Amino acid sequence: MLTRRSFLATAAGTMAAARLHAQGQSKARVVLSIPGEAIGPHMPMDFVGLSYEVQQLRDSSFFSGQNGGLIREFKALSSTGVLRLGGNTSEFAYWKPKPDSPEPEHPQVREVVGEPKAQYYAVTPDAVRSLAEFLQATGWNCVYGIGMGTNTPARAAEEAVFVAETLGDRLQYFQIGNEADLFDRHLRDPKTWSAKTYLEEWLSLARAIAARVPAAKFGMPDVASKVSWLTEIADLWPSIASGISTLGVAKQAPPRVTTLTHHYYFGGPATNPDVNIPNLLKPATMQKVQNTANIASAAASKIGARVRMTEGNTCYRGGKPRVSDVFAAALWAADYSLLLASNDYSGVNLHGGTGKSVANSVGGSLPGDGLLEAKGETPEQIAAHPHPFYTPIATFGSDYVLEPVAYGLKFAGSFSGGTLLKTDFSTKLQASGVNATAYAAKLTEGKTSVIILNKDAAADLEVELDFGRDANGVVQTETLHAPALESREAHITTSRKSDSLKQGKCSVTVPHATGLRLTVS
C-alpha cells in the first residue's frame, strides 16, 4: 500500500528560493514599513490547537502516554498547544464511571444527512486517565467537550468532577455542547429552538458542573455557523451576570465563561465544485473571515471574554481530496490563523482525527471517498490520501504524519507568545496586484518577525522591509514551500545563510505559492 510517508520519500523536494537581495527579474514590488511599537493583540503561547471527536476516547490507547508516534507529531506541531475534544459525536457520548454502570436511557432523535447516527458509546475513567498522560507527555492543555444534546445535568456534573480532578492544570475549560445552532435539525424542536432556549438549557448543565467543580471555566456556544448567536448571548448575559431575575429575586451566580467559541469551514461538502484551490486562497475568502471575526470579537468584549475558533478546516464533512490535503491548504491555514490572531483570538483548533471517527461524525462515510471512486481511483490510491482528507495529523496504520495544513498552522504558530504589530500591509499588498498577505510581531525575546504569504499561483513578489533607519540586526529566514499548490507535501526550511539590515532595510523575493518568515535579532 502506498503510504503518505513513502509518497513523500519519492516526491521531488524542490525548495522555493527566497533571497535577501534584489532580483533582476520583472515582478511586483512593494515597500512595507515595520512599526517599532508592539501595540496589537497578544498571541498566546497556546494559540495553536487541534480538534478531535470525543468518540476518539473510545480507544484509550489513542490519546495515551504510550502512543509515541502521535506524541511526536503533536510536539512537532507545537510545544504548548490546546487539544479540543468535541465534534458531532460528543452528543451521543455518555459517562460510564464504573465497568458495571448501566447505559442510561436515551431520548429519541432524528436521522439527517451530514449528522451522526444515534450510536451511543461510553466515555470511561480509563480513557480520561490515558488522556491526562497524553497531555502531560505532549505539554498540551485541553478543552474538554461534554455532550449537551442527549445528556443530563447530573451525568454532566459527574463526568466533569472526574475530568477536573484527573486533568488538573491541563484542563483549560469545559465546552458543553457542539454546534448547538444545528440542534433543530435532529436533536431539538425546530419551532422553539433558539439562542435563548439554548442558553437556558446550557445554564442548567453549566450550573450543575459549577456546583461540584467551583473553579470550573467554560467556553460557549461553539456554533457551527450562526455567529449571530454570539451577539444574542452577549446581549442576554448582563441579566444572567447580575444574579437578579426580572422579578428582583436573587438567582445563582453565573458560571465563569472565559471564551466565546465558534466553528469555521471554508465550504463543503467535497462534491461542491466551488470548493477549489482558487476560491480557498482568494482575498474575498479572508474578507468573509474578517466579517465573522468582527461580530465575534464585539460579542466577546461585551462579556469580558476572548474568542477561540474551536473547530474548523478547509471543507466540512471530512475535507476534499486535492484541496484539503495539498500545499494550498498550508497557505490557507497560515493566513487564516494569523488573521484571527490579529483579531485578538486566543487560538485556532483545526479539526481532524482518524477517518473512522470523523466519518461517524457526519453520518458514516466521507464524501471525498465517493468523489475519488467516481473518478476511477483504486482502493490503493484512495488509501494514500489522509482520512479524513483535512486532518492535520494523518493516521496510516501505526504511523502518524503531519499533513500540509498542519505545516501552515505551525508556520503561523511561530508568532505564539508575541504581540502583533498594527500595520498597513493589507493596503500595500492589495495595491501590488499580487494575492499576498503579511503579518508582523514582536516576539517574547524582543526579536521582530515578519511573515509574508504569497498565495498567488503565478506572480512573484519583491518586498522591501523597512524597520526604521536606526534599526540593525541579523536577518534569519524560514520558508514554507512545496513544488506546487497541488503538491501533496509541505516543508518549512530554515536558511543556512543570514544577512544584516542595511540602514534599517532589507529586500526579499517571495516566489509565488510560498510563505516566508524573516526574523531580525
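Source: prediction; values computed, not measured.
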S.K.: Between the side chains of Glu179 and His263, does any donor sit under 3.5 Å from an acceptor?
M.R.: yes
S.K.: Report yes if some heavy atom in the side chain of Asp335 is under 4.5 Å from a heavy atom in the side chain of Lys455; otherwise report no.
M.R.: yes
S.K.: I'd like to know if the side chain of Lys96 and the backbone of Tyr121 have a donor-acceptor N/O pair within less than 3.5 Å.
M.R.: no
S.K.: State which residues pass side chain to side chain donor-acceptor pair (under 3.5 Å) with Tyr316; sequence neighbours excluded, sorted by chain then number.
M.R.: none
S.K.: So, does Asp184 use its side chain to make a donor-acceptor pair with the main chain of Trp193 at under 3.5 Å?
M.R.: no
S.K.: May I ask you to decide if Phe174's main-chain N or O and Lys217's side chain share a donor-acceptor pair within less than 3.5 Å?
M.R.: no
S.K.: Can you check whether Met148's main-chain N or O pairs, donor with acceptor, with Glu91's side chain at less than 3.5 Å?
M.R.: yes
S.K.: Any idea how Trp202 and Tyr198 line up, ring-wise: parallel (<30°), tilted (30 to 60°), or perpendicular (>60°)?
M.R.: tilted
S.K.: Looking at Gln66, I'd like to know if its CD atom is crowded, meaning that more than 12 non-hydrogen atoms belonging to other residues, nucleotides or ligands lie closer than 6.0 Å.
M.R.: no
S.K.: What salt bridge (charged side-chain N to carboxylate O under 4.0 Å, His left out) pairs are there with at least one residue in residues 362-377, not counting sequence neighbours?
M.R.: Arg322-Glu377
S.K.: NZ of Lys75: more than 12 outside heavy atoms within 6.0 angstrom?
M.R.: no
S.K.: State whether Glu232 and Lys196 are salt-bridged, where the test is any N-O pair (Lys NZ or Arg NE/NH1/NH2 against Asp/Glu carboxylate O) under 4.0 Å.
M.R.: no
S.K.: Measure from the side-chain N and O atoms of Glu159 to the backbone N and O of Ala156, and report whether any donor-acceptor pair falls under 3.5 Å.
M.R.: no
S.K.: Please examine the side chains of Pro386 and Thr391, heavy atoms only from C-beta on, and report whether any two atoms are closer than 4.5 Å.
M.R.: yes
S.K.: Donor-acceptor check, side chain of Asn343 to backbone of Leu339, threshold 3.5 angstrom: yes or no?
M.R.: yes
S.K.: If you measure only the distance, is there a donor-acceptor pair under 3.5 Å linking the side chains of Asp126 and Thr124?
M.R.: no
S.K.: Consider only side-chain N and O atoms of Tyr265 and Glu311, and report whether a donor and an acceptor are under 3.5 Å apart.
M.R.: yes
S.K.: Look at atom CG of Asp169 and say whether more than 12 heavy atoms of other residues, nucleotides or ligands are closer to it than 6.0 Å.
M.R.: no
S.K.: With distance as the sole test, does Asn151 use its side chain to make a donor-acceptor pair with the main-chain N or O of Gly147 at under 3.5 Å?
M.R.: yes
S.K.: Assess, by modelled atom type and distance only, whether the side chains of Gln55 and Ser357 contain a donor and an acceptor separated by less than 3.5 Å.
M.R.: no
S.K.: Can you confirm whether Asn279 sits close enough to Asn276 that some side-chain heavy atom of one is under 4.5 Å from a side-chain heavy atom of the other?
M.R.: yes
S.K.: Answer with yes or no whether the side chains of Asn313 and His351 bring together a donor and an acceptor at under 3.5 Å.
M.R.: no
S.K.: For Phe74 and Val48, what are the C-alpha separation, side-chain angles and deciding distance, and is it a side chain to side chain contact (heavy atoms under 4.5 Å, CB included)?
M.R.: CA-CA 10 Å; Phe74 264 66; Val48 168; over 6 Å; no
S.K.: Donor-acceptor check, side chain of Arg72 to backbone of Tyr400, threshold 3.5 angstrom: yes or no?
M.R.: yes
S.K.: Any ion pair linking Asp222 and Arg84 (charged N to carboxylate O, less than 4.0 Å)?
M.R.: yes
S.K.: Does any N or O in the side chain of Asp181 come within less than 3.5 Å of the main-chain N or O of Trp229, such that one atom is a donor and the other an acceptor?
M.R.: no
S.K.: State whether a side-chain donor-acceptor pair under 3.5 Å links Asn178 with Ser90.
M.R.: no
S.K.: Looking at Pro269, is its backbone amide N or carbonyl O close enough to the side chain of Arg317 to form a donor-acceptor pair, meaning the two atoms are under 3.5 Å apart?
M.R.: no
S.K.: Any side-chain heavy-atom pair from Gln172 and Thr259 closer than 4.5 angstrom?
M.R.: no
S.K.: So do Pro392 and Glu403 actually touch side chain to side chain, heavy atoms under 4.5 Å?
M.R.: no
S.K.: Taking atom types as modelled, find out whether Thr314 and Ser324 have a side-chain donor-acceptor pair closer than 3.5 angstrom.
M.R.: yes
S.K.: Do Thr89 and Glu53 have side-chain atoms, one donor and one acceptor, less than 3.5 Å apart?
M.R.: yes
S.K.: In terms of relative ring orientation, are Tyr345 and His262 parallel, tilted or perpendicular, with 30° and 60° separating the classes?
M.R.: perpendicular
S.K.: Considering only heavy atoms from C-beta outward, does the side chain of Tyr173 approach that of Val257 to under 4.5 Å?
M.R.: no
S.K.: Salt bridge or not between Arg188 and Glu201? Use side-chain N to carboxylate O under 4.0 Å.
M.R.: yes
